[in-house]
Engineer: 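The structure that follows is given in the form of structure tokens.
One-based numbering along the sequence shown. Every number for a ligand or one of its atoms is a count from 1 in the order of the listing.
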Amino acid sequence: MIRQNTGNRKPKTPRPVLYYYGIALLAVLLLNWLVLPYLLKPKVVEVGYSFFLDQVEEGKVATVEMDTNQILFSVKDTNGMESFYKTGYVNDPDLVSLLREHGVEFGAVIPKQPNYFLSLLMSYGIPLLIIWWVGRKMSKTLGEKMGTGGLSLGGSSGKIYVPTGDKKTFRDVAGQEEAKEALREVVDYLSHPEKYVTIGAKCPKGVLLVGPPGTGKTLMAKAVAGEANVPFFSIAGSEFVEMFVGRGAARVRDLFEQAKKKAPCIVFIDEIDTIGKRRDGGINTNDEREQTLNQLLTEMDGFEGDSGVIILAATNRPETLDPALLRPGRFDRQVPVDLPDLQGRIAIFKVHAKNYKMAQNIDFHLLGRATAGASGAEIANIVNEASLRAVRMGRTRVIQEDLEESIEVVIAGHQKKNAILSPEEKKIVSYHEIGHALVAAKQTNTAPIHKITIVPRTSGALGYTMQVEENEKSLMTKTEAFNKMVTYCGGRAAEEIIFGEITTGAANDIEQVTKIARAMVTRFGMSHEFGMMALETNSSMYLGGDSTLICSSKTGELVDREVKELIRSAYERATEILMENKAKLHELAEFLYMEETITGEQFMAILERENKYSA
Ligand code: ADP
Ligand code: ZN
Ligand code: MG
């Protein structure tokens, strides 16, 4: 595959909770200070004392209220409408008799509030409504963060997971049969404890789900909640870690207190590695995290095996977890949730396809084969992208083509509509991609590809080769590993043979080929020099992290030399194969250049037909 450099986009950070509080407070204050006084107070017009006397004498004044420095009075007009006035207080001894004379009601008369109920609603109802709305919004964001739509318990600690409309069950989790089996036992124990108690069997206290990201660990935990009809507390490890020292430990305590009250129940701690990291004596220890972890360890010891509280946790970095957490009596069972195999991928495609309108003739087997190494989350994404593409194309059903195109999109990025390859570049890319494919085909004598396209992608890939493996293998022989290296070298080799010049397009190939060569030497014991000697350890098996060399720097040098030698001979082999098949290389590349796409069948047809050019 040809790649260019691309920048990464930063993920959008969610708005902090304080932000919502701020808005609510502001809204309440504004309402009370600015809007309410206008709405609630009857309009009072200030007038002169003589106007007041005139009105009294004309008999229009209905009520009068006097206090020490002003007189409030209301006037009824001919329609019976009341309007309010005020005037300054004048020491007028005749006033009382004047008022009596005209039969005016006076004394402590307060202008009537326009609508008592409305004012109550305004001053209390609306602020309450705002606070309720903000609270709902907040609990929703929090809920999303935890992957539940639950309601808060005790304010700060765990959330009870209430299966809502989108209740998940084991049927929503495709593949992963081993993991389901292990968890089914837990579910069974919680619903029929007597079966186990009579034999004396104790249920595992803690079950740790481990696996690469996106393989369905969180989903699996939700499914357990759906299957077992017991309360389900869910909290993410990161929520324990707070700014204030001691809060994390308090949260753990809270959580377990709640859980014990609700037993039998399940507590789910997602991404437990945030708190469960190995404690070490290094300088950069994190007191808060250690306290939280200690509290967790204590709590897990604190309750009996038959108390009915079972702790599920998920992580993709089990190797960083503190050994104390993994000992029997705590998380004594580890359930691997691995990347799906071919059958698993097909099943995941089918599960997700159910949620969309699909054409009848979808070839799920092919989709499964084309997505080797994809996680469940990626497959879910592919199916959704396909549905979006179907809408874009104005279809009412998702068809096979949508799915295949969206596999390319998810793996290689969107087609760049306005990035145009110059004819020269297009030619180079054609030869490069055919170089890979031809080398692969000559080594195995089977169709090595499903499709090659040379449409530039937003990810920076200029061409894309969609490979499908007929059947998946768990073991790779030394020859196969070497052949794979030769295939990666095929692109660059083709460029060099045809153009006598090399490009930057092979950067990704170079990375891959080096990775394989290094692994062959340092981890798979496939070199003459070192044999079975392990020279590297892999620091995080599920995240595909770095390996660290565990040998002297002198040996390191030798390793580099061996790796170099391996790559050199792979490149030589690739050049050899292409030189032998130069005619076919031209023919195939020409086809790809003209059509921009070549399928596996077309590829094999051209490869197997009589030579067009005589070599
Ligand atoms: P993890 O917690 O392991 O990183 P998630 O459980 O969050 O992964 O999975 C993300 C999404 O991927 C799920 O919501 C689901 O749509 C999809 N998914 C992953 N694995 C599976 C699976 N085995 N079956 C069906 N869908 C899956
Ligand atoms: Zn390449
Ligand atoms: Mg998860």
Engineer: Tell me whether the count of non-hydrogen atoms from other residues, nucleotides or ligands lying under 6.0 Å of CZ in Arg171 goes above 12.
Structural biologist: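 Count not over threshold, so no.
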Engineer: For atom 26 (N) of ligand 1, which candidate among Glu378, Lys350, His352, Lys180 holds the nearest heavy atom?
Structural biologist: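 The residue whose heavy atom sits nearest atom 26 (N) of ligand 1 is His352.
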Engineer: Would you find a donor on one side and an acceptor on the other, under 3.5 Å apart, between the side chain of Glu408 and the backbone of Glu405?
Structural biologist: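 Here the side-chain-to-backbone pair does not exist.
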Engineer: For the pair Asn581 (side chain) and Lys584 (backbone), establish whether a donor and an acceptor sit closer than 3.5 Å, ignoring hydrogens and angles.
Structural biologist: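 No, Asn581 side chain to Lys584 backbone: no donor-acceptor pair under 3.5 Å.
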Engineer: Would you say Lys205's side chain and Ile310's backbone share a donor-acceptor pair under 3.5 angstrom?
Structural biologist: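 Answer holds: no.
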Engineer: Taking N or O atoms only and a 3.5 Å limit, does Thr218 qualify as a polar contact for ligand 1?
Structural biologist: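 Between Thr218 and ligand 1 (N or O atoms, distance only) the closest approach is under 3.5 Å.
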Engineer: List ligand 1 atoms under 4.0 Å from Thr215, heavy atoms only on the residue side.
Structural biologist: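 Listed by number with element, the hits are 3 (O), 8 (O), 19 (C), 20 (N).
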Engineer: Does a donor on one side chain and an acceptor on the other come within less than 3.5 Å for Asn384 and Tyr356?
Structural biologist: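 On atom types as modelled, these side chains qualify, holding a pair under 3.5 Å.
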Engineer: If we count only N and O atoms by modelled type, under 3.5 Å, do the side chains of Tyr571 and Glu496 hold a donor and an acceptor together?
Structural biologist: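 On atom types as modelled, these side chains qualify, holding a pair under 3.5 Å.
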Engineer: For the side chain of Thr371 and the backbone of Ala374, is there at least one donor-acceptor N/O pair under 3.5 Å apart?
Structural biologist: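 Side chain of Thr371 to backbone of Ala374, a donor-acceptor pair under 3.5 Å: no, none is there.
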Engineer: Which atom names give the shortest non-hydrogen contact between Asn316 and Pro213, and what distance separates them?
Structural biologist: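 What the structure gives for the nearest pair is ND2-CG, 3.7 Å.
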Engineer: State whether Asp509 contributes an N/O/S atom found under 2.8 Å from the Zn ion (ligand 2).
Structural biologist: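 Yes.
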Engineer: Give the residue and atom name of whichever protein heavy atom lies nearest to atom 12 (O) of ligand 1, and the separation in Å to one decimal.
Structural biologist: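 It is Ala377 CA, 3.1 Å.
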Engineer: For ligand 1, which atoms sit closer than 4.0 Å to a heavy atom of Gly376?
Structural biologist: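 It comes down to these atoms of ligand 1: 12 (O), 17 (C), 18 (N), 19 (C), 20 (N).
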Engineer: Please report whether ligand 1 has a polar contact with Ala380, defined as an N or O pair separated by less than 3.5 Å (distance criterion only).
Structural biologist: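 For ligand 1, there is no N or O atom that lies under 3.5 Å from one belonging to Ala380.
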Engineer: Distance under 4.0 Å to a non-hydrogen atom of Pro213: what atoms of ligand 1 satisfy this?
Structural biologist: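 Close to Pro213: 4 (O).
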Engineer: Can a non-hydrogen atom of Gly214 be found less than 4.0 Å from any atom of ligand 1?
Structural biologist: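 It does; at least one heavy atom falls under 4.0 Å.
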Engineer: Would you say Asp172 contacts ligand 1, with heavy atoms under 4.0 Å as the rule?
Structural biologist: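 Yes.
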Engineer: Would you say Gly216 and ligand 1 have an N/O pair spaced under 3.5 Å apart?
Structural biologist: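 So ligand 1 has an N or O lying under 3.5 Å from an N or O of Gly216.
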Engineer: Compute the shortest N/O to N/O distance between Leu219 and ligand 1 and return yes if it is under 3.5 Å, no if not.
Structural biologist: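 Yes, there is a polar N/O contact under 3.5 Å.
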Engineer: Compare Ala347, Ala314, Ala174, Ala221 and give the one whose heavy atom is closest to atom 24 (N) of ligand 1.
Structural biologist: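 Residue with the shortest heavy-atom distance to the ligand atom: Ala174.
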Engineer: For His436, what is the atom name of its N, O or S atom nearest to the Zn ion (ligand 2)?
Structural biologist: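 Result for His436 and the Zn ion (ligand 2): NE2.
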Engineer: Parallel, tilted or perpendicular for Phe499 and Tyr431, by the 30°/60° rule?
Structural biologist: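 Geometry flag for Tyr431 against Phe499: perpendicular rings.
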Engineer: In terms of side-chain heavy atoms, does Thr320 have a donor or acceptor partner in Asp273 at a distance below 3.5 Å?
Structural biologist: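 No, because no side-chain N or O of Thr320 sits under 3.5 Å from a partner of the opposite role on Asp273.
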Engineer: Using the six-membered ring of Tyr593, assess whether NZ or CZ of Lys426 lies under 6.0 Å from its centre and within 45 degrees of the ring axis.
Structural biologist: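 The answer is yes; both the distance and angle limits are met.
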Engineer: Closer than 4.0 Å to some heavy atom of Val173 - which atoms of ligand 1 meet that?
Structural biologist: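 Every atom of ligand 1 under 4.0 Å from some heavy atom of Val173: 23 (N), 24 (N).
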Engineer: At under 4.0 Å between heavy atoms, is it the side chain or the backbone of Val337 that contacts ligand 1, or both, or neither?
Structural biologist: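 The answer is neither.
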Engineer: Under 4.0 Å, heavy-atom basis, I'd like to know which part of Met220 is in contact with ligand 1: side chain, backbone, both or neither.
Structural biologist: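 Met220 to ligand 1: no contact under 4.0 Å from either part.
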